[in-house]
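Just below is one structure, and these are the notes that go with it.
We name chains A, B, ... by the order of the sequence lines, and we start the count at 1 in each one.
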Amino acid sequence: MPTRYTPADFEQRIYAEWERSGLMTPPAQDSGRPTFTVMMPPPNVTGVLHMGHALNNTMQDLVIRYKRMSGFDALWVPGTDHAGIATQAVVEKKLLTEGGPNRKEMGREAFVEEIWKWRQHHGDVILKQLKRLGASCDWSRTKFTLDADMAHAVRVAFVRLWKQEKIYRGARLVNWDCKLQTAVSDDEIEYVTQKSTLWTLRYPVKDSTEFLSVATTRPETMLGDTGVAVHPEDKRYGHFVGQSILLPLTNREIPIIADTSVDPEFGTGAVKVTPGHDPADYERGARHHLAIINILHTDGTMNGECGRFEGLPREQARKQILAAFEELGLLVGAEEITNNVSISDRSKTAIEPLVSEQWFVKMKDLAQPAIGAVKDGSLKFKPERWTKVYLDWLENVHDWCISRQLWWGHRIPVWYDEDHVPVASVEDLAIGSPHPQTGKPIVRQDEDVLDTWGSSWLWPFATLGWPEHSADMARFYPTQFLSTARDIIYLWVARMVMAGYALLEDLPAAQRNPFATCYIHATVLDGHGRRMSKSAGNGIDPVEMIEKYGADAVRYSLMILTREGQDVKLAENRFELGQRFCNKIWNVARFVLQNLQGPSDPVGAAQAPAADALEDQWILSRLAAVTEAVSTALDQYDFHDAAQALYRFTWDDFCDWYVEAAKRRLWAGENAAEGSVEAVSAAAARATLGHTLTTLLKLLHPFTPFLSEALWAEVPQPLRGGVDMLMGASWPTVDVASRNLEVEENFAQLQDAVRAFRNVRALLETPATEKPAATVLCGDAPTSVNFAAQQSLVAFLARLESVEVRSDGIKPAAHGTDVFRGGSVFLPFALDTDPAKLRSSLEKKLQKVEGGIRAIDGKLGNAKFVANADPEVVQSERERRVLLETELATLLANLEGLTV
RNA sequence: GGGCCGUUAACUCAGUGGCUAGAGUGCCACCUUCACACGGUGGAAGUCACAGGUUCAAGUCCUGUACGGCCCA
């Protein structure tokens with residue numbers, strides 16, 4: 001084995017072995033094992049892996065691997081989303097750069113064909129990248145939201161909701177994306193604060209010489225004004241209410257109305273009302289029965305309602321209208337303000353609210369059971385605070401605009417007869433066939449497609465075969481764990497819960513909720529705390545990082561850096577943490593594997609550890625503790641805590657202390673006679689090393705699957721217990737009998753003394769090669785028993801010739817000294833040693849101990865503390881004071897001894 | 001306007017109301033000792049953002065302020 005772990009030599013080969021093993025594909029038939037299901041949030045089919053995906057999928061893989069090893073039939077279903085707008089835009093752009101016919105020239109059928117072709121060649125890149133990450137999904141169950149069975153599920157869902165009259169068509173004010181020329185839902189727009197000009201326009205009052213001034217940031221929409229509103233209690237304008245305005249440039253007569261929604265403080269206190277192009281005005285217009293005038297073509301240019309401005313883009317229309325008002329003397333003000341404009345998430349262009357015929361889903365009723373799911377505990381968010389975000393949205397939910405004027409997606413399964421009477425159908429209705437209700441011939445299918453969430457909200461069960469009564473559906477639904485990003489709590493998470501309750505009528509209510517836990521993962525920021533994004537160019541490419549540091553290093557680093565959904569600032573060099581850890585694991589395994597075979601036990605340390613030696617008992621106790629800690633943390637999805645516990649155990653306990661301690665007996669046993677004390681002791685050390693390593697590899701496997709699997713292959717067969725592939729090994733059970741707090745306490749005391757020796761060595765500048773004879777002075781009987789039994793271990797770890805254990809209180813002269821809990825250590829001076837460094841070291845420690853005693857005295861001297869605090873706390877303070885007092889006395893005595 | 005998150009060592013972050021506030025990186029010194037220099041040993045480094053409050057006891061709980069970030073309207 002080389003001295004460094006080189007991930008590239010193993011990863012792809014090991015992944016192929018996992019795929020061949022079939023372990024990622026749990027059976028649809030009952031195996032007697034419990035199931036555990038995770039649905040991967042389907043990334044866009046156009047997508048490439050970014051850090052958010054890497055983080056999210058690492059967590060899912062961790063859970064799946066842990067559950068698989070724990071005896072579950074663990075199913076992780078991967079897949080991709082057709083992502084209507086995003087994908088159509090990618091292919092349109094491709095057509096544009098190729099200079100061939102564009103979408104409209106090609107026609108619907110040919111264009112959709114083109115997208116399928118694109119998908120064939122360029123789609124699903126992200127799924128291949130997930131394999132690089134080590135994702136152990138069941139690829140045999142991979143789904144795409146446009147697969148035929150998914151399409152069937154979408155239609156069944158649509159028709160069912162149609163029959164329940166939860167789907168309706170109507171002309172409503174929708175968010176219009178002028179670039180993509182489609183409606184988008186409320187949840188697909190974002191607000192950007194910007195500086196704008198607020199212009200004041202004068203509108204002449206009809207049959208009067210008076211004017212009413214209105215303020216607006218969008219003067220061009222005046223062409224669609226059908227009213228002017230003032231607050232009913234606004235004294236300035238009261239007498240105008242009921243009169244009308246002669247709208248300049250159009251000479252249309254529009255009423256002046258009173259409405260409490262008008263803020264008298266804003267602008268002039270009078271507002272123009274444009275019901276066709278503003279959500280607030282739409283409401284006002286509805287209240288006062290104002291006309292709705294649409295002034296825009298679908299591409300955002302002015303339409304035939306605009307007279308001489310027809311055909312102009314909005315910005316130009318604005319300029320010309322302002323110029324016209326100026327000319328008429330009707331432009332009376334312009335001031336700079338900051339306001340919010342709505343931007344389309346997809347095209348990043350300004351949203352134009354306009355009235356349009358669209359399909360909607362009534363959400364109020366659907367939301368109720370989804371609200372109930374968190375109230376009755378069926379659904380839990382982690383971190384819990386997202387529950388509120390989820391509930392706030394559901395409790396104020398608006399109807400969902402589900403139609404999109406696109407070609408790529410699930411076409412709305414609605415057909416019309418010649419009288420435009422619609423009917424929804426699971427099966428295609430042929431043109432000319434009779435309308436099921438009216439009997440008149442069908443003339444056309446609806447042109448629109450469904451919002452992309454109209455298929456992904458069925459993801460947790462449509463992937464399992466719903467609406468068929470499939471074996472998968474019976475075994476693997478509901479799922480246990482969903483991990484996703486916070487920005488799709490409304491778009492996706494809430495809708496999946498609604499869909500589960502609304503559509504799975506066959507299941508008892510308690511089994512409809514699609515996932516028990518919804519984990520909202522951290523947002524990955526760059527090193528400066530900015531969101532990683534393609535446009536900002538500040539993203540770190542996970543695949544590049546995998547190639548540079550290894551998949552396990554990427555996985556492990558991400559896990560230990562993100563604590564329960566807390567955002568993480570990630571600079572590239574953070575992955576060195578995982579890389580170092582992986583290399584450490586590699587090397588400790590290398591050491592163990594090279595030392596498993598002794599002269600008298602050639603099969604290696606396959607027998608159970610005898611655990612006679614203190615250090616053996618100690619590491620087995622620590623191993624039991626870390627097994628419990630990791631299992632508990634993973635049960636609660638506390639990935640950071642599990643990663644942290646593994647780091648501490650591996651590096652501190654196993655590498656720094658146990659392996660170093662075991663070397664003593666391994667070396668001593670090298671040339672010992674068979675059956676001798678030394679040989680038996682070495683064999684015991686080997687057994688303990690072997691057992692600890694194999695257990696550790698299992699615990700590490702969910703975090704560092706490639707490395708642990710690569711090392712598992714090097715473990716001698718008898719130690720592997722017949723398990724060829726670590727991925728399929730059983731998760732370690734907590735060895736309760738090995739947990740021994742007394743042993744841990746005794747070993748901790750030895751560690752403390754060894755550190756004290758090392759400290760004095762450093763202060764005395766004792767060369768590493770020099771092995772002085774040293775002394776431990778024990779302050780009490782248990783300490784002296786402990787050290788008497790372990791003097792050779794302490795000597796070995798502190799690189800000493802010998803350790804004399806004394807408890808007579810007599811300090812050796814001309815020795816450097818330090819204290820540990822329970823006594824002090826002494827190392828002989830070299831002749832030319834200056835004790836000043838030792839003195840200042842001891843004095844520093846003295847100050848700390850004195851400070852500690854003062855703090856405790858402060859507490860114990862406080863009658864209220866003694867009276868009110870938990871008696872256990874008071875008791876432990878008293879005990880601590882005794883310890884510190886002893887330490888203080890030792891320090892003072894040792895300081896005094898230095899001058900002799 | 002409403003809500004949420006954060007502010008702890010130079011950096012990135014942990015931290016059940018109760019030991020003298022920790023880790024990794026970086027820094028300083030020493031060490032190529034037969035797993036690992038992607039290593040070992042030792043060390044320096046903190047007014048826990050600020051102001052009040054609750055409590056015997058606050059980094060931790062409450063109120064407010066400032067700053068940074070996110071979401072909703």
From B/rC19, B/rC38, B/rA35, nucleotide with atom closest to A/Trp667 side chain: B/rA35
Close approaches to RNA chain B from residues 635-645 of chain A, in residue order (heavy atom, under 4.0 Å): A/His640
Residues forming a side chain to side chain contact (heavy atoms under 4.5 Å, CB included) with A/Asn396, sequence neighbours excluded: none
Sugar-phosphate only, base, or nothing, as touched by A/Cys582 at under 4.0 Å among non-hydrogen atoms: nothing
Trace of the ring pair (Phe, Tyr, Trp, His ring centres under 6.0 Å) decision for A/Phe10 with A/Tyr5: CA-CA 9 Å; A/Phe10 300 94; A/Tyr5 172 51; 5.8 Å; yes
Sugar-phosphate, base or nothing in reach of A/Trp386, heavy atoms under 4.0 Å: nothing
So which protein N/O to nucleotides 55-64 of chain B N/O distances come out below 3.5 Å?
| unit_1 | atom_1 | unit_2 | atom_2 | d |
| --- | --- | --- | --- | --- |
| B/rC56 | OP1 | A/Asn868 | ND2 | 3.1 |
| B/rC56 | O2' | A/Asn862 | ND2 | 2.8 |

OP1 or OP2 of B/rC19 under 4.0 Å from side-chain N/O of A/Arg880: no
Protein-nucleotide distance (A/Asp857, atom CG; B/rC19, atom P), rounded to Å: 16 Å
Modelled atom types, side-chain donor and acceptor of A/Arg664 and A/Ser792, under 3.5 Å: yes
4.5 Å side-chain heavy-atom contact, A/Leu797 and A/Trp657: yes
Distance in angstrom units between A/Arg486 CZ and B/rG69 P, rounded: 15 Å
Sugar-phosphate only, base, or nothing, as touched by A/Leu884 at under 4.0 Å among non-hydrogen atoms: base
Distances under 3.5 Å only, N/O to N/O: pair up the protein atoms with those of nucleotides 41-47 of chain B.
| unit_1 | atom_1 | unit_2 | atom_2 | d |
| --- | --- | --- | --- | --- |
| B/rA44 | OP1 | A/Lys844 | NZ | 2.2 |

d(CD1, A/Ile520; P, B/rC5) in whole Å: 15 Å
Protein-nucleotide distance (A/Asp567, atom CG; B/rC71, atom P), rounded to Å: 11 Å
Euclidean distance, atom CD of residue A/Gln566 to atom C1' of B/rU12 [Å, nearest integer]: 13 Å
Euclidean distance, atom CZ of residue A/Arg590 to atom P of B/rC36 [Å, nearest integer]: 5 Å
Heteroatom pairs (N/O) under 3.5 angstrom, protein to nucleotides 24-33 of chain B:
| unit_1 | atom_1 | unit_2 | atom_2 | d |
| --- | --- | --- | --- | --- |
| B/rG24 | N2 | A/Arg574 | NH2 | 3.4 |

Atom pair distance, as rounded to whole Å: CG in A/Asp392 and P in B/rA73: 11 Å
Phosphate OP1/OP2 of B/rG40 contacted by A/Lys584 side-chain N/O (<4.0 Å): yes
Secondary-structure notation, RNA chain B, from Watson-Crick and G-U pairs under 3.5 angstrom (| other strand): (((((((..((((....[...)))).(((((.......))))).....(((((..]....)))))))))))).
B/rU12 OP1/OP2 closer than 4.0 Å to side-chain N/O of A/Lys569: yes
Rounded distance (Å) that lies between atom C1' of B/rC19 and atom CD of A/Glu879: 12 Å
